[in-house]
Amino acid sequence: MTTRSFPYVTLDVFTDTRFGGNPLAVFTAAEGLSDAEMQALAAEMNYSETTFVLPPADPANTARVRIFHRTAEMPFAGHPNVGTGYVLAGLRPEAGDVLRFEEIAGLVEIRIERDAEGHPTGAEIDAPQPLQILGTLPVEAIAPCIGLAASDLVTSSHIPTRASVGVDFTLVEVTAEALARALPDVATYRSVAEEHLGAGDRLSIFLYARDGNRIRARMFSPLSGTWEDPATGSANATLAALLLSLTGDDEARFETVQGVELGRTSSLSLRAWRTADGIRASVGGNCVPVLRGEATL
């Protein structure tokens, strides 16, 4: 029986400390893997996401990148792009400092950050789509999903808002005290998802407490297999875009800390800006390599 081997690396994203941040697995040469095998490998790795690097359809781009979480493929995600960009910058120095990944949600640009010796330290990525406001959800429905009372939510800037810059999140501002004690209720999650989004739709709730341009955040997506995410780049980028949309400013910058409650503190730098086609956003941070190996199938 013929066996096939596929190399992979793991790393921690949005951190300078090994075993901090959000872990990611990257299969660096995924040609020959079927969709079912990619999904099975992502479930086996059991990280928030796993990426699979394939040749690009357009040779002007760096790679085609597919992103899977434990149960499904994603059109776009933040920490997988930052981490995959960091990995490929180390493997393919000829690719330069600006990489372009073909993904379901569109073309993602990754700008590599390097130290004084030229070694990659991390990356900043631009979300593939401008801000889309997809609707709102009632405070009375969202609060019990995360084990909170309606009074724990802050609605002076916005009520719970579904928005996307490539993937859909429900953004919810809460008090700093409430952020620490939030806890998902899966039965309520499922009920709210079915009533407000349609059965089977993804409900990912991104909670944040804000102090000026400094943000503390948590993200829960138990219906898709992620009880809590240590760092959610795409949700943070969406939040930056949403917050800018509530002002008359041309640009905004934020610093987010996420993952504290999981013991995996993550630091994310956010930027949002106005363009002719809407509000765009980016997210960036550092990466630390952890493991490397190969899967034999």
Side-chain angles (χ1 to χ4, degrees), residues 3-35 37-42 44-69 73-74 76-126 128 231 233-234 266 268 282-297:
T3 59
R4 298 168 296 142
S5 294
F6 299 91
Y8 69 88
V9 298
T10 75
L11 64 156
D12 293 330
V13 182
F14 297 128
T15 183
D16 293 316
T17 305
R18 187 170 291 165
F19 311 127
N22 200 352
L24 175 72
V26 181
F27 283 81
T28 54
E31 302 97 311
L33 283 170
S34 68
D35 291 7
E37 288 171 331
M38 291 183 195
Q39 184 62 77
L41 285 166
E44 183 73 14
M45 300 305 292
N46 200 32
Y47 292 156
S48 297
E49 286 97 14
T50 296
T51 64
F52 299 86
V53 179
L54 298 157
D58 181 346
N61 299 323
T62 309
R64 178 182 174 216
V65 175
R66 299 184 66 180
I67 305 168
F68 288 79
H69 61 60
E73 186 170 9
M74 297 188 71
F76 164 73
H79 102 279
N81 276 294
V82 170
T84 304
Y86 167 85
V87 168
L88 291 191
L91 291 176
R92 306 179 189 177
E94 73 282 359
D97 288 342
V98 179
L99 312 182
R100 291 178 177 84
F101 292 165
E102 299 168 356
E103 298 181 11
I104 293 172
L107 197 62
V108 180
E109 181 174 288
I110 297 95
R111 292 176 294 280
I112 303 302
E113 299 171 354
R114 300 180 185 273
D115 62 19
E117 287 76 40
H119 304 301
T121 58
E124 180 186 35
I125 67 161
D126 289 346
S234 48
S266 305
L268 302 84
S282 70
V283 59
N286 290 342
C287 301
V288 179
V290 180
L291 303 171
R292 65 177 58 245
E294 67 177 25
T296 301
L297 302 177

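These values consider heavy atoms only, across backbone and side chains, with no hydrogens, waters or symmetry-generated copies.
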> What residues form a ring-ring contact (aromatic ring centres under 6.0 Å, His included) with F27, not counting sequence neighbours?
Replying inline: Y8, F52
>> How about CZ on R292, more than 12 heavy atoms from neighbouring residues, nucleotides or ligands closer than 6.0 Å, or not?
In response: no
> What residue among H69, M74, H79 forms side-chain contact (heavy atoms from CB on, under 4.5 Å) with S48?
Replying inline: H79
>> Show the nearest heavy-atom pair for residues A295 and L41, with the distance to one decimal.
In response: CB-CD2, 4.1 Å
> Can you tell me how far the CG atom of L291 sits from the CG atom of D12, to the nearest 0.5 Å?
Replying inline: 9.0 Å
> Per the salt bridge (charged side-chain N to carboxylate O under 4.0 Å, His left out) rule, which among E31, E73, E102 passes with R66?
Replying inline: E73
>> Before you tell me yes or no, could you show the steps for T15 and S266 under side chain to side chain contact (heavy atoms under 4.5 Å, CB included), namely the whole-Å CA-CA distance, both residues' side-chain angles and the distance that decides it to 0.1 Å?
In response: CA-CA 6 Å; T15 183; S266 305; 5.8 Å; no
>> Restricting to non-hydrogen atoms, name the atom on A231 and the atom on F14 that form the minimum distance, rounded to 0.1 Å.
In response: CB-CD1, 3.6 Å
>> Looking at every heavy atom in both C287 and G83, which two are closest together, and how far apart are they?
In response: SG-CA, 4.1 Å
> Under 6.0 Å from the CD atom of E294, do we count more than 12 heavy atoms belonging to anything else shown?
Replying inline: yes
>> Exactly one of E124, E103, E49, E109 should register a side-chain hydrogen bond (donor to acceptor under 3.5 Å, both in side chains) with N81. Which one does?
In response: E103
>> Is the shortest side-chain heavy-atom distance between I125 and F76 below 4.5 Å?
In response: yes
> With side chains defined as the heavy atoms from C-beta onward, is the minimum distance between N61 and L107 less than 4.5 Å?
Replying inline: yes
> Tell me, do R92 and L99 make a side-chain contact under 4.5 Å, heavy atoms counted?
Replying inline: no
> So T62 and F101, side chain to side chain contact (heavy atoms under 4.5 Å, CB included) or not? Walk me through it.
Replying inline: CA-CA 6 Å; T62 309; F101 292 165; 4.2 Å; yes
> For A89 and R114, which heavy atoms make the closest approach, and how far apart are they?
Replying inline: CB-NH2, 4.3 Å
>> Test side chain to side chain contact (heavy atoms under 4.5 Å, CB included) on L24 and Y86; report intermediate values, then the result.
In response: CA-CA 11 Å; L24 175 72; Y86 167 85; over 6 Å; no
> Where the side chain of R18 meets the backbone of P289, is there a donor-acceptor pair that is under 3.5 Å apart?
Replying inline: yes
> Taking all atoms of both residues into account, what is the closest heavy-atom pair of L268 and G233, and its distance?
Replying inline: CD2-CA, 3.9 Å
> Is there side-chain contact between L297 and L33, with at least one heavy-atom pair below 4.5 Å?
Replying inline: yes
> Under the 3.5 angstrom rule, does the side chain of T50 hit a backbone N or O of F68 as a donor-acceptor pair?
Replying inline: no
> side-chain contact (heavy atoms from CB on, under 4.5 Å) with V87: which of V26, V82, V53?
Replying inline: V26
> How far apart are the closest heavy atoms of P120 and G90, and which atoms are they?
Replying inline: CG-N, 4.0 Å
